[in-house]
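Taking it in order: structure first as structure tokens, then the write-up.
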Number of protein chains: 2
Amino acid sequence: MIYPMSRYDPSAFPPFAVTVDLVLLTVREHELCALLVRRGEPPFQGYWALPGGFVRPGEGLGEAASRELAEETGLRAHASPGQVMAGAHLEQLATYGHPQRDPRMRVVSVAHLALAPDLPTPKPGGDARGARWAPVSELLGPGRTDREPLAFDHELILADGVERARSKIEYSALATAFCPEEFTVGELRRVYEAVWGVVLDPRNFHRKVTGTPGFLVPSGGTTTRQGGRPAQLFKAGGATVLNPPMLRPES
Amino acid sequence: MIYPMSRYDPSAFPPFAVTVDLVLLTVREHELCALLVRRGEPPFQGYWALPGGFVRPGEGLGEAASRELAEETGLRAHASPGQVMAGAHLEQLATYGHPQRDPRMRVVSVAHLALAPDLPTPKPGGDARGARWAPVSELLGPGRTDREPLAFDHELILADGVERARSKIEYSALATAFCPEEFTVGELRRVYEAVWGVVLDPRNFHRKVTGTPGFLVPSGGTTTRQGGRPAQLFKAGGATVLNPPMLRPES
DNA sequence: GGTGTTTATCGTCAAAGAGACGACTATGAT
DNA sequence: ATCATAGTCGTCTCTTTGACGATAAACACC
């Protein structure tokens, strides 16, 4: 027995600060982008960072993430089991707790992943600090030694979030979270192309998504906003898992 | 600006206790089992609970989980990116932080998922408390209103861990973590059958796993420990993701 | 030794799905 | 009118799957 009798007494153990950080992704101009905010205080003052903040005393983790999301974007989302509401999807990503990840004290960050459609305001307001949508390729591209690093371990968190999003749109209907309420098959295809960084065959893609039951439901209208022949409009169907999955072309 | 200037000052925010809990799964006698320990102190004194404990001051989350695993089973594992070592796989599962999940104070638990081969000792020693392998079906089965509940929110954590394991053996080579270093195709098939709770066609399964490059590598020998015709022995190959995945029969 | 039982392994066949790509349609731009 | 742009429907082939027959090599029993 190498443990003190107080092993089960939480007050006997050193306190941690708990934060939530948000990997908020969207697709803008055919590129996968993440929301960054500029830090106004040390440490990492002036660095770009993922939006986030401390979990409040009476607040659950998902609640805190949902609140942060609303503060940054005005979007509403529920963090429960990957629920989509008011256009935003929010789910827990992973927790980062390296002892030295914050130089001031022991901080454990519960990162969340949020997927949102392209938002009307390029730089979401509601906060005096600077904020921007940064193309993920500029932040994580290999060999980009010249880029300015993100604060803390946020580059790692971002990479994990992007990887989660990339793999999750394979076997779930989550890609629709990047689209407005009504969208065309072509718009959905461009989401996949942007997130995966590939080009997909429009005909096979069309056959696949329209043939997967519950993925898309026709909403009746058509649109011509992409140019070319008018395209049928769809809404996200009730399906959450895709069986069989969308296949990411092997690179 | 609804935030205090101390928004970025961790010491200005209320402290949390941070624990790691372990969903440690194995396959025993064709059944998926989880390791439970009996609580010796309030709250939930006498209840069965997932093994776990507080994260120490200088310790990372994965480190803490790895230490707990070693304390409970003697197994070594590294939590880094799903690395398998000395027969055990360990990865972060999810974090649970409902404000009232521990009646004493605010505790955030970073749950980890561990997969191990059937261990020699039925009741792992190293700890004075009681411990047992409980079949998952007895803990989570639907409609079992008579079963004794687990401590805290551990039933939820266990359910999430089991679901993660079930889905992860579909598209990764993780099922081999349930097997000893050398194993036969039939033994691997029984792992899938136990975890998924289905029966699989031995011929199609054999074709599938031996045809997936990097999944299995022949180790040269054969064994007859299962009775019947001697079976070829394999070791886990280097592959971590299976493409195409194993398909769970639709129920 | 036979015979049955058990498990492993190979083969065959039909159905489903994926990738490649031709053809046609309906819009706007020039 | 012609062209460019996107969308949609089909066709063909190849791969993979699921169902299942057949054979092989051990052991248990008579």
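The figures here come from the full heavy-atom set of this structure, side chains too, leaving out hydrogens, waters and symmetry mates. Just so we're on the same page: letters track the sequence lines, and every chain starts at 1.
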Response to the item:
B:Glu193 atom CD is separated from C:dT7 atom C1', nearest whole Å, by 13 Å

Discussion item. Using a 4.0 Å heavy-atom cut-off, does A:Arg190 contact any base of the nucleic acid, only the sugar-phosphate backbone, or nothing at all?
Written reply: sugar-phosphate

Worksheet entry | Under the side chain to side chain contact (heavy atoms under 4.5 Å, CB included) test, residues paired with B:Ala194 that sit two or more places apart | B:Val27

Worksheet item: With the sugar-phosphate defined as primed atoms, P, OP1 and OP2, and the base as all remaining atoms, what B/S/- string results for nucleotides 14-21 of chain C, 5' to 3', for protein heavy atoms under 4.0 Å?
Response: ----BBBB

Discussion item. Under the salt bridge (Lys or Arg N to Asp or Glu O under 4.0 Å) definition, can you give me all pairs with a residue in residues 202-217 of chain A, not counting sequence neighbours?
Written reply: A:Asp201-A:Arg203

Worksheet item: Whole Å only: how far is the CD atom of B:Gln232 from the P atom of D:dA25?
Response: 13 Å

Fill in: Between D:dA6 (C1') and A:Arg189 (CZ): distance, integer Å
8 Å

Item to complete: Taking atom types as modelled, find out whether B:Asp160 and B:Tyr96 have a side-chain donor-acceptor pair closer than 3.5 angstrom.
Response: yes

Discussion item. If I take atom CG in residue B:Asn243 and atom P in nucleotide D:dT16, what distance separates them, rounded to the nearest angstrom?
Written reply: 10 Å

Exercise answer: donor-acceptor pairs, residues 226-237 of chain A side-chain atoms, under 3.5 Å, sequence neighbours excluded:
from: A:Gln226; atom 1: OE1; to: A:Arg190; atom 2: NH1; distance (Å): 3.4
from: A:Gln226; atom 1: NE2; to: A:Glu187; atom 2: OE2; distance (Å): 3.1

Worksheet, complete the sentence: Atom CD of B:Glu187 and atom P of C:dT6 are separated, to the nearest Å, by 18 Å

Practice prompt. Select from A:Gln226 and A:Thr210 the residue whose nearest nucleotide in DNA chain D is closer to the 5' end of that strand.
Written response: A:Gln226

Fill in: B:Thr26: side chain to side chain contact (heavy atoms under 4.5 Å, CB included) partners, not counting sequence neighbours
B:Arg28, B:Cys33, B:Asp118, B:Trp133

Response to the item:
Whole-Å distance, B:Leu242 CG to D:dT17 C1', equals 16 Å

Worksheet entry | Pairing residues for B:Tyr47 by the ring pair (Phe, Tyr, Trp, His ring centres under 6.0 Å) criterion, not counting sequence neighbours | B:Phe44

Please list, pair by pair, any protein nitrogen or oxygen found under 3.5 Å from a nitrogen or oxygen in nucleotides 26-30 of chain D.
none

Discussion item. Tell me which pairs pass side chain to side chain donor-acceptor pair (under 3.5 Å) where either residue lies in residues 215-224 of chain A, with sequence neighbours left out.
Written reply: A:Glu182-A:Ser219

Worksheet entry | Length of the line joining A:Leu216:CG and D:dT8:P, which is rounded to integer Å | 11 Å

Practice prompt. With sequence neighbours left out, write down each residue that passes side chain to side chain contact (heavy atoms under 4.5 Å, CB included) with B:Phe205, or none if nothing qualifies.
Written response: B:Val185, B:Leu188, B:Arg189, B:Tyr192, B:Leu200, B:Val209, B:Met246

Practice prompt. State whether B:Trp196 and B:Arg166 meet the cation-pi test: NZ (Lys) or CZ (Arg) under 6.0 Å from the six-membered ring centroid, and within 45° of the perpendicular axis.
Written response: no

Worksheet item: Does the side chain of B:His206 get closer than 4.0 angstrom to OP1 or OP2 of C:dA8 through an N or O atom?
Response: no

Worksheet item: Expressed in angstrom and rounded to an integer, what is the separation of B:Phe205 atom CZ from D:dA19 atom P?
Response: 16 Å

